[in-house]
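One-based numbering, in listed order, for ligands and for the atoms of each.
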Amino acid sequence: MSRFWSQHVAGLVPYVPGEQPKIANLLKLNTNEHPYGPSPRALEVIRSGADEALRLYPDPESTALRQAVARRYGIDAAQVLPGNGSDEVLAHVFNALFRHEGRALYMPDITYSFYKTYCKLYDIPVSLVPLAEDFSLCPDDYIGLAEKPAGIIFANPNAPTGLALALDEIERIAVANSDVAVVVDEAYVDFGAESAIALIERCPNIVVIHTLSKSRALAGMRVGYAVGSKEIIEGLIRVKDSFNSYPLDRLAQAAAVASIDDQEYFLEATQKVINAREFLTKQLEAIGFDVLPSKANFVFARHPRHDAAELAAALREAGILVRHFSAPRISQFLRITVGTRDECARLCHTLSELTIKTS
Ligand SMILES: *Cc1c(COP(=O)(O)O)cnc(C)c1O
């Protein structure tokens with residue numbers, strides 16, 4: 001604790017992102033980046049947008065981007081709040097919707113670990129709801145809660161398990177908690193789950209969070225957005241405009257619009273990742289891994305006879321990065337990003353050598 005710090009800084013528990021090392025020939029399967037790159041049209045507008053106009057501030061409201069999202073989902077632009085990556089949007093969501101004196105935020109015990117970091121930052125008590133033995137989320141665990149929650153948040157598909165909930169299950173949770181925000185983080189939804197945006201008209205307490213970092217392959221641009229009822233989005237905008245008026249630069253706004261409008265490239269690239277995921281799953285099972293049924297661009301897998309941390313370290317020696325979390329219940333799993341088919345094959349080849357050598 002430094003004497004210069006504000007009091008609460010000592011108690012923060014910062015999120016630790018997957019590493020981004022600068023090693024040649026490294027196969028990076030640790031942060032769920034997309035193997036095929038962004039839409040060529042997005043790259044084109046970034047190139048052509050690098051001109052004199054950069055002396056001017058960007059549109060503080062990201063109007064064109066909000067309209068592109070609205071067109072894509074058949075909603076109103078006033079229902080969209082973009083931000084500098086969905087992590088920033090999530091920070092505003094926690095600040096604007098979950099700070100209710102004496103009430104706890106409900107979330108699964110295993111989910112995106114950044115949620116707990118925001119709870120520390122904003123001093124929000126947490127109530128962890130254990131996932132079932134098979135890591136599925138049971139909607140009944142969020143229905144008829146004894147105490148009114150500050151809100152509910154989960155990722156769908158969940159991270160790092162990859163398991164998805166059906167829309168009717170999400171709707172049951174939202175209907176049973178109609179007085180509080182139910183936030184569905186859909187970072188991976190495009191790889192095989194259904195978006196809860198379809199429920200917002202019936203359930204105005206649902207807030208959906210999207211990112212362009214995963215299925216749109218624009219992690220380096222930092223663009224995400226929230227979709228919700230106008231009432232909720234208005235609250236998020238108040239917080240955003242009390243924090244940073246210009247969270248998205250000109251190039252990011254233009255690239256995001258071009259990417260969202262290029263549906264053809266998106267569908268093709270997404271399908272390639274889904275096909276590679278099914279290939280990777282079969283290959284891993286052939287080596288003896290148990291693989292959870294993933295609807296995301298990663299798989300979560302454990303080997304019954306090999307320690308996950310040791311496997312991750314051995315892979316790293318071989319120039320392949322995967323993610324290992326030393327958290328309770330999941331410390332024997334590896335989270336492996338789906339790469340190209342060739343990258344998946346290289347990983348499995350290395351893994352089969354490692355598992356044969358040490359069995
Ligand atoms: C990757 C990820 C995010 C963060 O996305 P950014 O838009 O890159 O900040 C948010 N939630 C989940 C569950 C993620 O996996």
Review item, side-chain donor-acceptor pairs of residues 198-211, under 3.5 Å, at least two apart:
| residue | atom | partner | partner atom | Å |
| --- | --- | --- | --- | --- |
| Arg202 | NE | Glu171 | OE2 | 3.0 |
| Arg202 | NH2 | Glu171 | OE1 | 2.9 |
| Arg202 | NH2 | Glu171 | OE2 | 3.4 |
| Asn205 | ND2 | Ala174 | O | 3.0 |
| Asn205 | ND2 | Asn177 | O | 3.0 |
| Asn205 | ND2 | Val180 | O | 3.1 |
| His210 | ND1 | Tyr73 | OH | 3.4 |
| His210 | ND1 | Tyr225 | OH | 2.9 |
| His210 | NE2 | Glu186 | OE1 | 2.7 |
| Thr211 | OG1 | Ser213 | N | 2.9 |
| Thr211 | OG1 | Ser213 | OG | 3.0 |

Check ligand 1 for N or O atoms under 3.5 Å from a protein N or O and list each pair with its distance.
| residue | atom | partner | partner atom | Å |
| --- | --- | --- | --- | --- |
| ligand 1 | 5 (O) | Ser86 | OG | 2.9 |
| ligand 1 | 7 (O) | Ser86 | N | 2.6 |
| ligand 1 | 7 (O) | Ser86 | OG | 2.9 |
| ligand 1 | 7 (O) | Thr211 | OG1 | 2.5 |
| ligand 1 | 7 (O) | Ser213 | OG | 3.4 |
| ligand 1 | 8 (O) | Ser213 | OG | 2.6 |
| ligand 1 | 8 (O) | Arg222 | NH1 | 2.7 |
| ligand 1 | 8 (O) | Arg222 | NH2 | 3.4 |
| ligand 1 | 9 (O) | Ser86 | N | 3.3 |
| ligand 1 | 9 (O) | Asp87 | N | 3.0 |
| ligand 1 | 9 (O) | Asp87 | OD2 | 3.2 |
| ligand 1 | 9 (O) | Arg222 | NH2 | 2.7 |
| ligand 1 | 11 (N) | Asp185 | OD1 | 3.4 |
| ligand 1 | 11 (N) | Asp185 | OD2 | 2.7 |
| ligand 1 | 15 (O) | Tyr188 | OH | 2.5 |
| ligand 1 | 15 (O) | Lys214 | NZ | 3.0 |

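- Between Asp76 and the choices Arg66, Arg71, Lys230, the salt bridge (Lys or Arg N to Asp or Glu O under 4.0 Å) rule is met once, by Lys230.
- For the salt bridge (Lys or Arg N to Asp or Glu O under 4.0 Å) condition, the pairs that include at least one residue of residues 321-333, sequence neighbours left out, are Asp109-Arg329.
- For Tyr188 and Phe298, the gap between ring centers is short of 6.0 Å.
- Within the structure, ring pair (Phe, Tyr, Trp, His ring centres under 6.0 Å) pairs that include any residue of residues 237-259 comprise Tyr57-Tyr246, His92-Phe243 (at least two apart or interchain).
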Determine whether Phe333 and Phe300 satisfy the following criterion, ring-ring contact (aromatic ring centres under 6.0 Å, His included), listing intermediate values before the conclusion. CA-CA 6 Å; Phe333 281 83; Phe300 205 47; 4.5 Å; yes
